[in-house]
Amino acid sequence: MKLANAYDDEDYRAVLERGDILFFPNGGFEIPGAVRAALMGATQDARSFHKNIAYKPNIDQVSGLVDGSEAEVVKPAMREYSRCALAFLGRILPEYARAWKVDYASFRSIEERGRELPPTKRNDLLHVDAFPTRPVFGDMILRCFTNVNPEQSREWMTSDPFTTLAAETAEKAGLLRYAGASGSSLHAVRRRMTKSLAGLGLPVVDRSPYDAFMLHYHDWLKGNQEYQANCRKYRFQLPPGSTWLVFTDVVPHAVLGGRLALEQTVIVSRESLRDRALAPSAVLEKIAGCVLTE
Ligand code: SIN
Ligand code: FE
């Protein structure tokens, strides 16, 4: 597990899929000065359930601000950041861009060191990402972070990637329960009902057994003291102005300190991977011996 300097001539997909961090020490792309200026003044609501200020490109909305009237300034800035980040990602990862789904962008304005959050929301405990409201059905979560703090590094800790993580802990975490459920007729009935309710526009989430397991795994890892204490750890200081890309469902990660980071997420189709066997869904399906992504 390492920071792979993006200027070394390597296939970027291979770097990301094997669970390294693709690192652009000089930032990789320009974030307009006006965007930085607009965001530095934004006041994030630290007490609300919003962990960050989020921007949803598909509906052009921001959430997580203390003062709704700030949206007038923050929304265009986030829209512009999202546009620049997506153009950059599309340029360096064209094979992924052909089939990815654009997800949210975020601004992380609160100091992470000493931040008080409920246990499963804590950012300083190692975990793999899973989104409660946006199931991926076996596709993958690629995130592009930029540290826009002019003075302070962002401090990350990571651990061995998903192939190692899952071999050591997926069964202990209860994977076979999810695999067993995926073939049952009760599961099939429940899924059909959820799908039709979702189709009617009701606020229910239709997720695959893979998504259900990954949500559980996120919390299980954060709550597992043995894993947190004894797993192999790698620490990185991500300096001011740098950008890094990582599959946050492949790489267990935690942020220990720093404030003022921008981030854009895309959901990468597992069909567009260079090595499909490295998708967490493929890794889990191999261990479970059945399909988990339908
Ligand atoms: C996370 O995805 O767990 C947080 C990463 C960060 O904000 O640096
Ligand atoms: Fe995370």
Side-chain angles (χ1 to χ4, degrees), residues 1 3 16 19-24 27-28 31 39 42 44-46 49-55 63-64 78 81-82 85 103-136 139-149 152-162 165 211 213-224 227-228 231 233-268 280:
M1 156 94 259
L3 276 192
L16 293 165
D20 284 335
I21 295 175
L22 184 60
F23 180 54
F24 294 81
I31 297 174
L39 292 176
Q44 180 178 341
D45 191 348
F49 67 93
H50 296 287
K51 265 210 311 193
N52 313 300
I53 294 169
Y55 173 71
S63 57
M78 292 295 286
Y81 162 71
S82 176
D103 197 73
Y104 302 169
S106 63
F107 179 49
R108 295 146 190 258
S109 69
I110 292 177
E111 171 59 58
E112 297 291 346
R113 193 176 307 286
R115 189 171 173 185
E116 284 188 27
L117 286 166
T120 56
K121 293 206 168 182
R122 275 176 59 180
N123 290 333
D124 60 336
L125 296 169
L126 287 160
H127 64 282
V128 283
D129 282 349
F131 298 144
T133 55
R134 281 120 57 222
V136 294
D139 291 337
M140 290 164 62
I141 302 172
L142 178 63
R143 304 189 111 167
C144 168
F145 293 88
T146 301
N147 182 0
V148 287
N149 190 317
Q152 189 187 352
S153 291
R154 197 166 184 84
E155 196 179 329
W156 264 42
M157 183 163 74
T158 65
S159 186
D160 290 328
F162 203 86
L165 174 75
D211 291 295
F213 175 73
M214 289 298 277
L215 273 179
H216 161 74
Y217 207 21
H218 167 277
D219 293 355
W220 186 88
L221 288 167
K222 284 191 179 179
N224 190 306
Y227 174 70
Q228 296 292 331
C231 72
K233 298 184 180 68
Y234 310 88
R235 282 170 179 265
F236 303 105
Q237 298 286 338
L238 291 318
S242 64
T243 288
W244 61 103
L245 270 60
V246 57
F247 274 120
T248 54
D249 44 8
V250 172
V251 179
H253 58 281
V255 55
L256 305 181
R259 61 185 293 264
L260 308 178
L262 277 162
E263 176 269 339
Q264 172 71 53
T265 302
V266 289
I267 305 301
V268 172

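We count ligands from 1, going down the list as the structure has it; atoms in each ligand are counted the same way. All residue numbers refer to positions in the sequence shown, counting from 1. Remember, it's a predicted structure, so these values are computed and weren't measured experimentally.
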Fill in: R154, portion touching ligand 1 at heavy-atom distance under 4.0 Å
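The answer is the side chain.
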
Item to complete: Using a 4.0 Å heavy-atom threshold (strictly under), name the region of T248 that reaches ligand 1: side chain, backbone, both or neither.
Response: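 Neither; no heavy atom under 4.0 Å.
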
Worksheet item: When you measure from the Fe ion (ligand 2) to each N, O or S atom of D129, which atom gives the shortest distance?
Response: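 Minimum-distance N/O/S atom of D129 relative to the Fe ion (ligand 2) is OD1.
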
Worksheet item: Taking just the N, O or S atoms of H127, which one is nearest to the Fe ion (ligand 2)?
Response: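 Checking each N, O and S atom of H127, the shortest distance to the Fe ion (ligand 2) belongs to NE2.
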
[X] versus [Y]: any side-chain heavy-atom pair under 4.5 Å?
X    : Y    : value
D129 : H253 : yes
L165 : D160 : no
N149 : R154 : no

Worksheet item: With only distance considered, is W244 within less than 3.5 Å of ligand 1 through an N or O on each side?
Response: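 Checking ligand 1 against W244, no N or O pair falls under 3.5 Å apart.
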
Worksheet entry | Minimum heavy-atom distance between L16 and F247, given as atom pair plus value |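 Result for this residue pair: O-CD1, 3.5 Å.
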
Fill in: Non-hydrogen atoms of R122 and L117 that approach each other most closely
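R122 and L117 have their closest heavy atoms at CG-O, 3.5 Å.
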
Item to complete: For R143, counting its heavy atoms only, list the atoms of ligand 1 lying under 4.0 Å from any of them.
Response: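 That gives atoms 2 (O) of ligand 1.
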
Fill in: Close-contact set for ligand 1 against H253 heavy atoms, below 4.0 Å
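With H253 as reference, the close atoms of ligand 1 come out as 1 (C), 2 (O), 3 (O).
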
Discussion item. Quick check on H127 - does any of its heavy atoms sit under 4.0 Å from an atom of ligand 1?
Written reply: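 The answer is yes, since H127 has a heavy atom less than 4.0 Å from ligand 1.
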
Discussion item. Using the ring centroid of each side chain, check whether F145 and W156 are separated by less than 6.0 Å.
Written reply: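 Yes - the distance between ring centres of F145 and W156 falls below the 6.0 Å cut-off.
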
